[in-house]
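What follows is one structure encoded as structure tokens, with my remarks underneath.
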Amino acid sequence: MNSQQIKELYAENVMETYARFDVVLDRGEGATLYSPEGKAYVDFTSGIGVNSIGYGNRGWAEAIMNQAVRLQHVSNLYYTEPGARLAEALTKGTGMKKAFFSNSGAESNEGAIKLARKYARDKYGPGRESVITLERSFHGRTITTLAATGQDVFHQHFFPFTEGFRHIPANDFAALEAELGRGDVCAVMMELVQGEGGVLPLDKEYVSKAFTLCREKDVLLICDEVQTGIGRTGSLFAFQQFDIQPDVVTFAKGIAGGLPMGGILANHRCAGVLTAGTHATTFGGNPVCAAAALYVLDTLTPQLLENVTHKGEYIRKTIESWSTPAVSQVRGMGLMIGVSLKGIKPADVVGRCIEKGLLVLTAGSDALRLLPPLTISHEETEKGLALLKSVLEELQ
Ligand SMILES: *Cc1c(COP(=O)(O)O)cnc(C)c1O
């Protein structure tokens, strides 16, 4: 099918829940995607932080194929090897105690919230159900994770939302102290670099003080690493660069290199909270997804993670060096990069980039978000940056 035919089938048959760009994608190689007609796009999005090891990776595809012909799925009432090995790789790589596997970021966060509420209820009885999250956060699209999300635009249409969520400004320690002082809180949930909200890294000092305060109050600290995790910021998880050991970490996007998978890691204090019958999911830890994830984790060597840091610095410095007045700030960690724009709309930049053969994302109302595959080559990086520069100069 050509691009036009595909778009027409969508228009007739697919719910219009996405403001899709005028791009049809058919295949990929490295960090480059192609339309059915062969138009090339340098990919600075990775399917929103998912395709951590790029496209056309034969080793990854073979790991999936080998597992698929051996055993594609069994119920979680039985044991399988890929899930066991993946949980071990994740606990060893993080110092966390145990893992639970799910299928998406929102589902992982829901599970973490259930875990936190049960932790407090088991220990203190009712009365500690509240969860504190940050303004400008994003935690998912289910009714509960929308309630957790600290952006008013998400709190429409679907009333009633789940009760028990309060949002406070990021990096405001006094606000956190006040909320925890009320004695009704079971958990604080935060993204260490807010992704959808604008690529906003939290202050290290704030995070470290929040961690200490949570410990004092026996409130669980949940790090939503759905976007920041799995090498994106230059370490396996972003918390490893914040000198804290969270009680719960959630992940999804990048874990399986493009197959749907997510999960929860819990430390020794709360790894036993979710007991048989209290939490489950049919596909969680699916052997094919787990095999793909094991391949991704094997690929994320210390050398590759160091490269992620260097590539991120290179991209940030390069954009900072442009004399265009359209850029007001460049920020981020590793290959999670935010570019604040001045005088031009992010959506216009995205549209013009598409015409020229570059995919970029927006974040918040005034920023571009760059999430290239962690394996992007120097050549593809240079090509993408040159395209972005030409678009910004044209629109400035
Ligand atoms: C994408 C994202 C989610 C939601 O993940 P889904 O897989 O779309 O449910 C949750 N939290 C953060 C930080 C995210 O970036």
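Counting starts at 1 for both ligands and their atoms, in listed order.
Contact atoms of ligand 1 toward Ala106: 4 (C), 5 (O), 6 (P), 9 (O) (distance under 4.0 Å to a heavy atom of the residue). Those atoms of ligand 1 that come under 4.0 Å of a heavy atom in Phe138, given as number and element, are 2 (C), 3 (C), 4 (C), 11 (N), 12 (C), 13 (C), 14 (C). Less than 4.0 angstrom separates some heavy atom of Ser104 from each of these atoms of ligand 1: 7 (O), 9 (O).
Side-chain contact, Thr32 with Asp43: no donor N or O sits under 3.5 Å from an acceptor N or O. No side-chain N or O of Asn66 forms a donor-acceptor pair with one of Glu62 less than 3.5 Å apart. One side chain, Arg369 or Gln227, offers a donor N or O that lies under 3.5 Å from an acceptor on the other.
The closest side-chain heavy-atom distance from Thr142 to Glu107 is not below 4.5 Å.
Between His167 and His155, the angle of the ring planes stays under 30°, which puts this pair in the parallel group of the 30/60° scheme. Using cut-offs of 30° and 60° for the angle between ring planes, the Phe237 and Phe239 rings count as parallel.
Taking all heavy atoms of His139, Met336, Lys253, Gln227 into account, the minimum distance to atom 2 (C) of ligand 1 is reached by Lys253.
The protein does not reach atom 8 (O) of ligand 1 closely, with no heavy atom under 4.0 angstrom from it.
Closest protein heavy atom to atom 6 (P) of ligand 1: Gly105 N, 3.4 Å. Ranking the protein heavy atoms by distance from atom 11 (N) of ligand 1 puts Asp224 OD2, 2.8 Å first.
Only the side chain of Glu191 comes within 4.0 Å of ligand 1, judged by heavy-atom distances. Under 4.0 Å from ligand 1, not a single heavy atom of Arg141 appears. In Asn109, the part holding a heavy atom less than 4.0 Å from any atom of ligand 1 is the side chain. In Ala252, neither the side chain nor the backbone holds a heavy atom less than 4.0 Å from any atom of ligand 1.
Under the 4.5 Å side-chain heavy-atom criterion for Ile, Leu, Val, Met, Phe, Trp and Tyr, Tyr34 and Val23 are members of distinct hydrophobic clusters.
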After noting the C-alpha distance and the side-chain angles of Lys97 and Leu265, does the key distance pass the side chain to side chain contact (heavy atoms under 4.5 Å, CB included) rule?
-> CA-CA 7 Å; Lys97 181 83 179 146; Leu265 296 168; over 6 Å; no
